[in-house]
Amino acid sequence: MGKILFRSTNRQAQPVTFKETLLKGQAPDYGLYVPVEIPKITRQDIKKFSTMPYYEIAFEIVKLFVADDIPESDLYQLCRQAYNFPVPLAKLDRNLYLLYLDKGPTASFKDFAARLMSRMMNYVASKEARKLTVLVATSGDTGGAVADAFFGLENINVVVLFPEKEITVRQRKQMTTLGKNIKAIAVRGTFDDCQALVKRAFNDPALSHLNLTSANSINFGRLLPQSVYYFKAYVEANCDDLVFCVPSGNFGNLMGGVLAREMGLPIKKFIVAVNENDEFPRFLETGIYSPVVPSRKCSSSAMNVGHPSNLARLIDLYGGWLTDERDKDGKVIRKGVMKKAPDLESMRKHFLSFAISEHEVDDTIRKVYQKYSLIIEPHGAVSVAAALKANINEPVCCFETANPAKFAEKIRQILDIEPPVPENLLKLDALEEKYIVIDNDYYQFCEILR
Ligand SMILES: *Cc1c(COP(=O)(O)O)cnc(C)c1O
(Lines give C-alpha, C1' and ligand atoms only; values in the text may rest on other atoms or scores of the structure.)
Protein backbone atom coordinates (compact mmCIF):
# COMPACT_ATOMS: atom_id res chain seq x y z
CA MET A 1 0.00 0.00 0.00
CA GLY A 2 1.35 3.41 -0.95
CA LYS A 3 1.40 6.51 1.14
CA ILE A 4 -2.02 7.59 2.40
CA LEU A 5 -3.27 10.89 0.99
CA PHE A 6 -5.93 13.12 2.47
CA ARG A 7 -8.60 14.99 0.58
CA SER A 8 -11.01 17.69 1.72
CA THR A 9 -14.70 16.98 2.41
CA ASN A 10 -15.42 20.07 0.28
CA ARG A 11 -13.46 18.50 -2.61
CA GLN A 12 -11.91 21.75 -3.85
CA ALA A 13 -8.49 21.56 -2.18
CA GLN A 14 -5.57 19.44 -3.40
CA PRO A 15 -4.95 16.12 -1.64
CA VAL A 16 -2.07 16.30 0.87
CA THR A 17 0.07 13.96 2.96
CA PHE A 18 -0.27 13.33 6.69
CA LYS A 19 2.35 15.93 7.55
CA GLU A 20 0.40 18.64 5.78
CA THR A 21 -2.94 17.73 7.36
CA LEU A 22 -1.18 17.95 10.68
CA LEU A 23 0.25 21.40 10.01
CA LYS A 24 -2.78 22.82 8.21
CA GLY A 25 -5.62 21.45 10.32
CA GLN A 26 -8.44 22.67 8.13
CA ALA A 27 -8.30 22.41 4.34
CA PRO A 28 -8.04 25.72 2.44
CA ASP A 29 -11.56 25.19 1.02
CA TYR A 30 -12.88 25.11 4.63
CA GLY A 31 -13.41 21.36 4.42
CA LEU A 32 -12.04 18.68 6.71
CA TYR A 33 -9.30 16.32 5.61
CA VAL A 34 -10.24 12.65 5.29
CA PRO A 35 -8.03 9.77 4.18
CA VAL A 36 -8.54 8.86 0.53
CA GLU A 37 -8.19 5.21 1.52
CA ILE A 38 -8.10 3.61 4.93
CA PRO A 39 -5.40 1.04 5.72
CA LYS A 40 -6.58 -2.30 7.06
CA ILE A 41 -5.46 -4.16 10.14
CA THR A 42 -6.03 -7.92 10.15
CA ARG A 43 -7.77 -9.85 12.95
CA GLN A 44 -4.44 -11.59 13.47
CA ASP A 45 -2.68 -8.29 14.14
CA ILE A 46 -5.50 -7.08 16.36
CA LYS A 47 -5.10 -10.23 18.49
CA LYS A 48 -1.44 -9.34 19.06
CA PHE A 49 -2.50 -6.03 20.61
CA SER A 50 -3.74 -7.91 23.69
CA THR A 51 -0.19 -8.37 24.98
CA MET A 52 1.13 -4.90 24.07
CA PRO A 53 1.41 -1.81 26.25
CA TYR A 54 -0.90 1.01 25.15
CA TYR A 55 1.81 3.09 23.49
CA GLU A 56 2.80 0.18 21.27
CA ILE A 57 -0.76 -0.29 20.06
CA ALA A 58 -0.78 3.44 19.33
CA PHE A 59 2.44 3.13 17.36
CA GLU A 60 1.17 0.18 15.29
CA ILE A 61 -1.96 2.09 14.27
CA VAL A 62 -0.63 5.62 13.82
CA LYS A 63 2.34 4.51 11.70
CA LEU A 64 -0.01 3.25 8.98
CA PHE A 65 -1.15 6.82 8.31
CA VAL A 66 2.04 8.72 9.10
CA ALA A 67 4.22 6.60 6.79
CA ASP A 68 7.66 8.18 6.28
CA ASP A 69 6.57 11.67 7.39
CA ILE A 70 7.96 10.62 10.77
CA PRO A 71 10.54 7.78 10.78
CA GLU A 72 9.27 4.75 12.72
CA SER A 73 11.89 4.81 15.46
CA ASP A 74 11.05 8.46 16.22
CA LEU A 75 7.31 7.86 16.09
CA TYR A 76 7.73 4.99 18.52
CA GLN A 77 9.42 7.32 21.01
CA LEU A 78 6.73 9.98 20.59
CA CYS A 79 4.03 7.38 21.35
CA ARG A 80 5.95 6.16 24.34
CA GLN A 81 6.30 9.68 25.78
CA ALA A 82 2.66 10.54 25.08
CA TYR A 83 1.10 7.51 26.74
CA ASN A 84 2.61 7.21 30.17
CA PHE A 85 -0.68 6.75 32.07
CA PRO A 86 -3.14 3.84 32.51
CA VAL A 87 -6.28 3.19 30.43
CA PRO A 88 -8.39 0.92 32.67
CA LEU A 89 -11.44 -1.02 31.50
CA ALA A 90 -14.02 -1.85 34.16
CA LYS A 91 -16.65 -4.55 33.72
CA LEU A 92 -19.77 -3.31 35.45
CA ASP A 93 -22.17 -6.03 34.39
CA ARG A 94 -22.36 -9.06 32.11
CA ASN A 95 -22.84 -6.79 29.10
CA LEU A 96 -21.64 -3.42 30.32
CA TYR A 97 -18.09 -2.10 30.23
CA LEU A 98 -16.69 1.30 31.12
CA LEU A 99 -13.40 2.50 29.64
CA TYR A 100 -11.67 5.17 31.74
CA LEU A 101 -10.17 7.88 29.57
CA ASP A 102 -9.62 10.30 32.45
CA LYS A 103 -6.25 9.21 33.81
CA GLY A 104 -4.05 11.59 31.79
CA PRO A 105 -2.45 14.77 33.15
CA THR A 106 -5.55 16.97 32.67
CA ALA A 107 -8.01 14.25 33.68
CA SER A 108 -9.91 14.34 30.38
CA PHE A 109 -9.99 12.10 27.32
CA LYS A 110 -8.62 15.02 25.31
CA ASP A 111 -5.18 14.11 26.65
CA PHE A 112 -5.12 11.09 24.33
CA ALA A 113 -5.24 13.20 21.21
CA ALA A 114 -3.42 16.29 22.42
CA ARG A 115 -0.39 14.51 23.82
CA LEU A 116 0.45 12.69 20.62
CA MET A 117 -0.61 15.41 18.22
CA SER A 118 1.52 18.03 19.98
CA ARG A 119 4.56 15.79 19.81
CA MET A 120 4.04 14.95 16.15
CA MET A 121 3.52 18.63 15.28
CA ASN A 122 6.57 19.76 17.17
CA TYR A 123 8.61 17.04 15.50
CA VAL A 124 7.54 18.07 12.02
CA ALA A 125 7.89 21.80 12.73
CA SER A 126 11.40 21.41 14.12
CA LYS A 127 12.51 19.31 11.13
CA GLU A 128 11.39 22.13 8.87
CA ALA A 129 12.63 24.91 11.15
CA ARG A 130 9.13 26.41 11.23
CA LYS A 131 7.29 28.28 13.96
CA LEU A 132 3.59 27.54 14.34
CA THR A 133 0.72 29.11 16.24
CA VAL A 134 -1.85 26.63 17.41
CA LEU A 135 -5.27 28.21 17.70
CA VAL A 136 -7.87 26.31 19.65
CA ALA A 137 -11.45 26.91 20.73
CA THR A 138 -12.51 24.95 23.77
CA SER A 139 -15.77 24.13 25.47
CA GLY A 140 -13.79 23.20 28.54
CA ASP A 141 -11.48 20.23 28.28
CA THR A 142 -9.67 20.66 24.97
CA GLY A 143 -8.03 23.89 26.06
CA GLY A 144 -6.54 22.38 29.19
CA ALA A 145 -5.36 19.24 27.45
CA VAL A 146 -3.88 21.18 24.53
CA ALA A 147 -2.23 23.75 26.81
CA ASP A 148 -0.70 21.01 28.94
CA ALA A 149 0.40 18.95 25.93
CA PHE A 150 2.10 21.87 24.11
CA PHE A 151 3.47 23.62 27.17
CA GLY A 152 7.17 24.37 26.77
CA LEU A 153 7.46 23.15 23.15
CA GLU A 154 9.91 25.41 21.35
CA ASN A 155 8.44 25.65 17.88
CA ILE A 156 4.82 26.22 18.80
CA ASN A 157 2.81 29.01 20.43
CA VAL A 158 -0.70 28.25 21.64
CA VAL A 159 -3.71 30.59 21.81
CA VAL A 160 -6.78 29.13 23.57
CA LEU A 161 -10.26 30.67 23.35
CA PHE A 162 -12.92 29.67 25.83
CA PRO A 163 -16.50 30.84 26.58
CA GLU A 164 -16.19 33.02 29.66
CA LYS A 165 -19.24 31.66 31.47
CA GLU A 166 -19.42 28.03 30.32
CA ILE A 167 -16.46 26.36 31.97
CA THR A 168 -15.50 25.44 35.52
CA VAL A 169 -12.82 27.21 37.54
CA ARG A 170 -10.50 24.21 37.39
CA GLN A 171 -10.94 23.89 33.65
CA ARG A 172 -10.06 27.56 33.31
CA LYS A 173 -7.04 27.23 35.55
CA GLN A 174 -5.65 24.44 33.38
CA MET A 175 -5.26 27.04 30.62
CA THR A 176 -4.56 30.26 32.48
CA THR A 177 -1.85 29.19 34.93
CA LEU A 178 0.82 27.85 32.58
CA GLY A 179 2.23 30.96 30.88
CA LYS A 180 5.29 30.66 28.61
CA ASN A 181 4.06 29.67 25.11
CA ILE A 182 0.41 29.36 26.23
CA LYS A 183 -1.99 32.36 25.94
CA ALA A 184 -5.59 32.19 27.17
CA ILE A 185 -8.51 34.34 25.95
CA ALA A 186 -12.01 34.37 27.48
CA VAL A 187 -14.79 35.25 25.02
CA ARG A 188 -18.08 36.82 26.11
CA GLY A 189 -20.12 34.26 24.19
CA THR A 190 -20.73 30.55 23.67
CA PHE A 191 -18.38 27.77 22.59
CA ASP A 192 -19.85 27.99 19.09
CA ASP A 193 -18.84 31.68 18.99
CA CYS A 194 -15.28 30.74 19.95
CA GLN A 195 -15.19 28.06 17.29
CA ALA A 196 -16.47 30.49 14.65
CA LEU A 197 -13.76 33.04 15.52
CA VAL A 198 -11.07 30.40 15.24
CA LYS A 199 -12.34 28.94 11.98
CA ARG A 200 -12.46 32.37 10.41
CA ALA A 201 -8.94 33.25 11.48
CA PHE A 202 -7.55 30.14 9.79
CA ASN A 203 -8.66 31.31 6.40
CA ASP A 204 -7.86 34.99 6.85
CA PRO A 205 -5.01 35.99 4.50
CA ALA A 206 -4.19 38.92 6.78
CA LEU A 207 -3.08 36.40 9.43
CA SER A 208 -1.18 33.98 7.21
CA HIS A 209 2.20 35.18 8.53
CA LEU A 210 1.32 33.59 11.89
CA ASN A 211 1.26 30.03 10.44
CA LEU A 212 -1.99 29.32 12.23
CA THR A 213 -2.94 25.74 12.75
CA SER A 214 -5.70 23.96 14.58
CA ALA A 215 -5.68 21.67 17.56
CA ASN A 216 -9.42 21.19 17.45
CA SER A 217 -10.78 17.87 16.31
CA ILE A 218 -10.99 19.27 12.79
CA ASN A 219 -7.28 18.30 12.71
CA PHE A 220 -6.90 14.73 11.49
CA GLY A 221 -3.81 14.42 13.68
CA ARG A 222 -6.07 14.66 16.68
CA LEU A 223 -8.59 12.21 15.39
CA LEU A 224 -6.20 9.41 14.63
CA PRO A 225 -4.89 8.85 18.19
CA GLN A 226 -8.52 8.51 19.28
CA SER A 227 -8.97 5.32 17.30
CA VAL A 228 -6.37 3.56 19.45
CA TYR A 229 -8.39 3.07 22.65
CA TYR A 230 -11.15 1.35 20.69
CA PHE A 231 -8.64 -1.39 19.81
CA LYS A 232 -7.43 -1.47 23.40
CA ALA A 233 -10.97 -1.84 24.80
CA TYR A 234 -11.82 -4.46 22.21
CA VAL A 235 -8.91 -6.78 22.96
CA GLU A 236 -9.33 -6.34 26.67
CA ALA A 237 -13.09 -7.00 26.73
CA ASN A 238 -12.34 -10.09 24.64
CA CYS A 239 -15.81 -10.34 23.03
CA ASP A 240 -16.36 -11.20 19.37
CA ASP A 241 -18.37 -8.10 18.66
CA LEU A 242 -18.55 -4.98 20.72
CA VAL A 243 -20.91 -2.02 20.67
CA PHE A 244 -19.41 1.33 21.67
CA CYS A 245 -21.50 4.00 23.31
CA VAL A 246 -19.74 7.30 22.68
CA PRO A 247 -20.52 10.50 24.61
CA SER A 248 -20.38 12.98 21.76
CA GLY A 249 -19.93 16.71 21.22
CA ASN A 250 -17.90 17.54 18.13
CA PHE A 251 -17.90 13.85 17.16
CA GLY A 252 -14.09 13.54 17.27
CA ASN A 253 -14.24 10.63 19.69
CA LEU A 254 -16.89 8.95 17.53
CA MET A 255 -14.85 9.46 14.35
CA GLY A 256 -11.88 7.82 16.06
CA GLY A 257 -14.10 4.78 16.54
CA VAL A 258 -15.46 4.93 13.01
CA LEU A 259 -11.89 5.00 11.73
CA ALA A 260 -11.06 1.94 13.86
CA ARG A 261 -14.05 0.16 12.37
CA GLU A 262 -13.00 1.07 8.84
CA MET A 263 -9.53 -0.27 9.62
CA GLY A 264 -11.13 -3.60 10.42
CA LEU A 265 -11.96 -3.61 14.12
CA PRO A 266 -15.16 -5.67 14.54
CA ILE A 267 -17.35 -2.97 16.01
CA LYS A 268 -20.94 -4.05 15.67
CA LYS A 269 -22.60 -0.69 16.19
CA PHE A 270 -22.09 2.73 17.70
CA ILE A 271 -24.49 4.32 20.08
CA VAL A 272 -24.06 8.06 19.65
CA ALA A 273 -24.87 9.53 23.06
CA VAL A 274 -25.57 13.26 23.10
CA ASN A 275 -26.94 15.64 25.71
CA GLU A 276 -29.87 17.98 25.01
CA ASN A 277 -28.12 19.12 21.82
CA ASP A 278 -30.08 16.58 19.82
CA GLU A 279 -29.35 17.48 16.19
CA PHE A 280 -27.87 14.06 15.41
CA PRO A 281 -30.56 11.72 16.77
CA ARG A 282 -33.14 13.95 15.06
CA PHE A 283 -31.20 13.67 11.81
CA LEU A 284 -30.95 9.86 12.01
CA GLU A 285 -34.66 9.63 12.61
CA THR A 286 -35.93 12.15 10.07
CA GLY A 287 -33.11 12.55 7.54
CA ILE A 288 -33.34 16.30 8.09
CA TYR A 289 -30.31 18.04 9.54
CA SER A 290 -30.87 21.20 11.53
CA PRO A 291 -28.18 22.47 13.90
CA VAL A 292 -29.13 23.59 17.41
CA VAL A 293 -28.39 27.34 17.47
CA PRO A 294 -27.39 28.53 19.96
CA SER A 295 -26.19 25.30 21.54
CA ARG A 296 -27.98 24.26 24.74
CA LYS A 297 -26.19 24.46 28.06
CA CYS A 298 -25.99 21.12 29.87
CA SER A 299 -23.79 19.92 32.72
CA SER A 300 -21.83 17.77 30.23
CA SER A 301 -20.36 21.05 29.02
CA ALA A 302 -17.78 19.59 26.64
CA MET A 303 -20.70 18.25 24.63
CA ASN A 304 -22.66 21.49 24.32
CA VAL A 305 -22.28 21.47 20.56
CA GLY A 306 -25.17 22.31 18.26
CA HIS A 307 -23.34 21.60 15.01
CA PRO A 308 -20.55 19.00 15.42
CA SER A 309 -17.54 19.83 13.25
CA ASN A 310 -16.70 16.17 12.59
CA LEU A 311 -20.17 15.36 11.33
CA ALA A 312 -18.94 16.53 7.90
CA ARG A 313 -16.48 13.62 7.97
CA LEU A 314 -19.10 11.08 8.95
CA ILE A 315 -21.55 12.27 6.30
CA ASP A 316 -18.72 12.16 3.75
CA LEU A 317 -17.92 8.55 4.63
CA TYR A 318 -21.54 7.63 3.92
CA GLY A 319 -21.51 9.32 0.54
CA GLY A 320 -23.09 12.65 1.48
CA TRP A 321 -21.84 16.23 1.61
CA LEU A 322 -22.39 18.47 4.60
CA THR A 323 -20.89 21.95 4.56
CA ASP A 324 -21.40 25.48 5.81
CA GLU A 325 -22.55 28.19 3.44
CA ARG A 326 -20.21 31.20 3.42
CA ASP A 327 -20.04 34.70 2.01
CA LYS A 328 -17.02 35.80 -0.01
CA ASP A 329 -15.13 36.81 3.15
CA GLY A 330 -15.47 33.31 4.47
CA LYS A 331 -18.03 34.22 7.10
CA VAL A 332 -20.55 31.44 7.71
CA ILE A 333 -23.99 32.55 6.62
CA ARG A 334 -25.72 29.20 7.04
CA LYS A 335 -24.45 26.39 9.22
CA GLY A 336 -24.74 22.75 8.29
CA VAL A 337 -26.18 22.65 4.77
CA MET A 338 -26.71 19.10 3.48
CA LYS A 339 -25.70 19.51 -0.15
CA LYS A 340 -26.00 15.79 -0.75
CA ALA A 341 -27.80 13.30 1.47
CA PRO A 342 -25.74 10.37 2.81
CA ASP A 343 -26.81 6.73 2.64
CA LEU A 344 -29.19 6.99 5.58
CA GLU A 345 -30.13 3.30 5.46
CA SER A 346 -26.53 2.23 6.13
CA MET A 347 -26.11 4.90 8.76
CA ARG A 348 -29.15 3.59 10.59
CA LYS A 349 -27.66 0.09 10.54
CA HIS A 350 -24.39 1.28 12.04
CA PHE A 351 -25.57 3.98 14.45
CA LEU A 352 -28.17 4.37 17.13
CA SER A 353 -28.43 7.74 18.78
CA PHE A 354 -30.06 9.06 21.93
CA ALA A 355 -30.32 12.52 23.45
CA ILE A 356 -30.07 12.40 27.23
CA SER A 357 -31.84 15.03 29.30
CA GLU A 358 -30.30 16.71 32.33
CA HIS A 359 -32.79 14.83 34.47
CA GLU A 360 -31.62 11.48 33.05
CA VAL A 361 -28.00 12.46 33.71
CA ASP A 362 -28.79 13.03 37.38
CA ASP A 363 -30.69 9.73 37.60
CA THR A 364 -27.82 7.84 35.98
CA ILE A 365 -25.17 9.31 38.28
CA ARG A 366 -27.36 8.18 41.20
CA LYS A 367 -28.09 4.74 39.74
CA VAL A 368 -24.46 3.96 38.91
CA TYR A 369 -23.39 4.94 42.40
CA GLN A 370 -26.07 2.83 44.06
CA LYS A 371 -25.60 -0.21 41.84
CA TYR A 372 -21.84 -0.27 41.25
CA SER A 373 -20.42 2.05 43.94
CA LEU A 374 -18.81 4.15 41.22
CA ILE A 375 -18.83 7.92 40.91
CA ILE A 376 -19.26 9.00 37.29
CA GLU A 377 -19.45 12.58 36.01
CA PRO A 378 -22.01 14.04 33.55
CA HIS A 379 -20.26 13.06 30.26
CA GLY A 380 -19.84 9.47 31.41
CA ALA A 381 -23.42 9.54 32.63
CA VAL A 382 -24.68 10.55 29.19
CA SER A 383 -22.82 7.53 27.80
CA VAL A 384 -24.18 5.06 30.38
CA ALA A 385 -27.71 6.49 30.15
CA ALA A 386 -27.74 6.04 26.36
CA ALA A 387 -26.42 2.47 26.65
CA LEU A 388 -29.22 1.61 29.07
CA LYS A 389 -31.77 3.36 26.90
CA ALA A 390 -30.64 1.38 23.83
CA ASN A 391 -31.44 -1.74 25.84
CA ILE A 392 -29.64 -4.11 23.47
CA ASN A 393 -28.70 -7.54 24.68
CA GLU A 394 -25.06 -7.33 23.61
CA PRO A 395 -21.77 -6.24 25.17
CA VAL A 396 -21.58 -2.43 25.23
CA CYS A 397 -18.53 -0.37 26.12
CA CYS A 398 -19.23 3.09 27.55
CA PHE A 399 -16.66 5.82 28.15
CA GLU A 400 -15.84 7.92 31.18
CA THR A 401 -14.25 10.91 29.49
CA ALA A 402 -13.48 13.21 32.44
CA ASN A 403 -12.68 12.85 36.10
CA PRO A 404 -15.65 13.44 38.44
CA ALA A 405 -13.57 15.92 40.44
CA LYS A 406 -13.88 18.30 37.48
CA PHE A 407 -17.62 18.34 38.14
CA ALA A 408 -17.53 18.29 41.92
CA GLU A 409 -20.53 20.60 42.31
CA LYS A 410 -22.77 18.25 40.35
CA ILE A 411 -21.58 15.20 42.28
CA ARG A 412 -22.12 16.98 45.59
CA GLN A 413 -25.60 18.00 44.56
CA ILE A 414 -26.68 14.51 43.39
CA LEU A 415 -24.78 12.16 45.69
CA ASP A 416 -23.97 14.45 48.59
CA ILE A 417 -20.35 13.30 48.55
CA GLU A 418 -17.07 14.92 47.64
CA PRO A 419 -15.33 13.21 44.70
CA PRO A 420 -11.62 12.59 45.34
CA VAL A 421 -9.44 15.11 43.48
CA PRO A 422 -6.50 13.72 41.46
CA GLU A 423 -3.17 15.25 42.33
CA ASN A 424 -2.77 16.97 38.95
CA LEU A 425 -5.91 19.00 39.57
CA LEU A 426 -5.18 19.75 43.22
CA LYS A 427 -1.96 21.50 42.26
CA LEU A 428 -3.94 24.07 40.25
CA ASP A 429 -5.74 25.57 43.22
CA ALA A 430 -2.73 27.47 44.44
CA LEU A 431 -1.62 28.80 41.04
CA GLU A 432 -2.14 32.32 39.74
CA GLU A 433 -4.18 32.99 36.59
CA LYS A 434 -3.44 35.19 33.58
CA TYR A 435 -5.92 35.76 30.74
CA ILE A 436 -7.60 38.37 28.54
CA VAL A 437 -11.39 38.85 28.17
CA ILE A 438 -12.82 39.92 24.78
CA ASP A 439 -16.25 40.39 23.17
CA ASN A 440 -17.46 37.97 20.54
CA ASP A 441 -15.88 40.20 17.92
CA TYR A 442 -13.56 39.06 15.15
CA TYR A 443 -11.68 42.35 14.86
CA GLN A 444 -10.96 42.52 18.56
CA PHE A 445 -9.68 38.95 18.34
CA CYS A 446 -7.39 39.78 15.39
CA GLU A 447 -5.89 42.74 17.26
CA ILE A 448 -4.77 40.40 20.00
CA LEU A 449 -3.43 37.77 17.62
CA ARG A 450 -1.28 40.37 15.91
C1 LIG B 1 -14.56 16.72 24.31
C2 LIG B 1 -15.26 15.87 25.28
C3 LIG B 1 -16.31 15.04 24.91
C4 LIG B 1 -16.86 15.01 23.50
O5 LIG B 1 -15.94 14.52 22.58
P6 LIG B 1 -16.06 14.92 21.03
O7 LIG B 1 -14.88 14.33 20.42
O8 LIG B 1 -16.10 16.42 20.94
O9 LIG B 1 -17.34 14.32 20.56
C10 LIG B 1 -16.89 14.25 25.87
N11 LIG B 1 -16.48 14.29 27.16
C12 LIG B 1 -15.49 15.10 27.55
C13 LIG B 1 -15.11 15.13 28.97
C14 LIG B 1 -14.83 15.90 26.63
O15 LIG B 1 -13.85 16.70 27.05
Side-chain angles (χ1 to χ4, degrees), residues 32 98-115 117 136-149 160 162-163 166-168 170-172 174-175 191-192 194-195 214-230 244-260 270-275 277 279-281 295 298-314 351 353 355-356 361 376-386 398-407 410 422 425:
L32 279 75
L98 186 63
L99 187 70
Y100 282 93
L101 300 178
D102 66 333
K103 309 297 180 204
T106 70
S108 124
F109 104 99
K110 301 288 197 297
D111 287 327
F112 283 83
R115 287 177 66 78
M117 185 178 69
V136 56
T138 182
S139 55
D141 283 342
T142 302
V146 166
D148 185 273
V160 208
F162 59 89
E166 287 184 11
I167 66 170
T168 67
R170 278 209 180 101
Q171 283 179 326
R172 194 181 67 224
Q174 287 182 324
M175 301 175 261
F191 167 65
D192 290 345
C194 297
Q195 202 168 31
S214 153
N216 280 97
S217 49
I218 55 179
N219 193 312
F220 186 80
R222 221 187 94 179
L223 217 63
L224 180 57
Q226 291 174 175
S227 64
V228 176
Y229 46 73
Y230 287 86
F244 283 95
C245 183
V246 190
S248 296
N250 264 316
F251 284 31
N253 191 353
L254 179 71
M255 280 312 292
V258 169
L259 204 59
F270 292 97
I271 302 168
V272 185
V274 296
N275 61 23
N277 292 281
E279 62 281 351
F280 188 70
S295 55
C298 303
S299 59
S300 49
S301 53
M303 289 158 44
N304 292 342
V305 182
H307 175 36
S309 51
N310 275 290
L311 190 54
R313 286 191 166 109
L314 187 64
F351 303 94
S353 185
I356 303 301
V361 166
I376 57 170
E377 53 70 64
H379 304 82
V382 168
S383 174
V384 174
C398 295
F399 295 99
E400 177 58 301
T401 48
N403 191 280
K406 288 184 125 175
F407 300 87
K410 184 78 165 178
L425 297 185

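We count ligands from 1, going down the list as the structure has it; atoms in each ligand are counted the same way. All residue numbers refer to positions in the sequence shown, counting from 1.
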Which ligand 1 atoms does F109 reach within 4.0 Å, using its non-hydrogen atoms?
1 (C), 2 (C), 3 (C), 5 (O), 7 (O), 14 (C)
Under the ring pair (Phe, Tyr, Trp, His ring centres under 6.0 Å) rule, what do Y230 and F399 come out as? Steps first, then yes or no, please.
CA-CA 10 Å; Y230 287 86; F399 295 99; 5.4 Å; yes
List the closest protein heavy-atom neighbour of atom 4 (C) of ligand 1: residue, atom name, distance to the nearest 0.1 Å.
G249 N, 3.6 Å
Check whether F407 forms a cation-pi arrangement with K410 (NZ or CZ under 6.0 Å from the six-membered ring centre, at most 45° off the ring normal).
no
In terms of atom number and element, which parts of ligand 1 are under 4.0 angstrom from non-hydrogen atoms of P247?
4 (C), 10 (C)
Nearest non-hydrogen protein atom, atom 12 (C) of ligand 1:
T401 OG1, 3.3 Å
At less than 4.0 angstrom from any non-hydrogen atom of K110, what atoms of ligand 1 do you find?
1 (C), 2 (C), 3 (C), 14 (C), 15 (O)
Between N250 (side chain) and G252 (backbone), is there a donor-acceptor pair under 3.5 Å?
no
Which of the numbered atoms in ligand 1 are under 4.0 angstrom from any heavy atom belonging to G252?
6 (P), 7 (O), 9 (O)
Shortest non-hydrogen contact from P225 toward F112
CB-O, 3.7 Å
How close does the nearest protein non-hydrogen atom get to atom 13 (C) of ligand 1, and which residue and atom is it?
D141 OD2, 3.1 Å
Specify side chain, backbone, both or neither for Q226, according to which of its non-hydrogen atoms lie closer than 4.0 Å to ligand 1.
neither
Which of the atoms in ligand 1, numbered in the order shown and given with their element, are less than 4.0 Å from a heavy-atom of S248?
9 (O)
Is there a side-chain contact between T138 and Q171 (heavy atoms, below 4.5 Å)?
no
Are any of the N/O atoms on N250, whether in the backbone or the side chain, positioned under 3.5 angstrom from an N/O atom of ligand 1?
yes
Is there any N or O on F251 that sits under 3.5 Å from an N or O of ligand 1?
yes
Under 3.5 Å, is there a donor-acceptor pair linking the side chains of T106 and D148?
no
Atoms of ligand 1 close to A302 [distance to a heavy atom under 4.0 angstrom, numbered from 1]
1 (C), 2 (C), 12 (C), 14 (C), 15 (O)
P247 and T401: which non-hydrogen atoms are nearest, and at how many Å?
CG-CG2, 3.8 Å
Verify whether one side chain among N304 and S295 offers a donor that lies under 3.5 Å from an acceptor in the other.
no
Answer yes if the side chains of R222 and N219 hold a donor-acceptor pair under 3.5 Å, and no otherwise.
no
If you take the nearest heavy atom of each of D102, N310, N253, which one is closest to atom 7 (O) of ligand 1?
N253
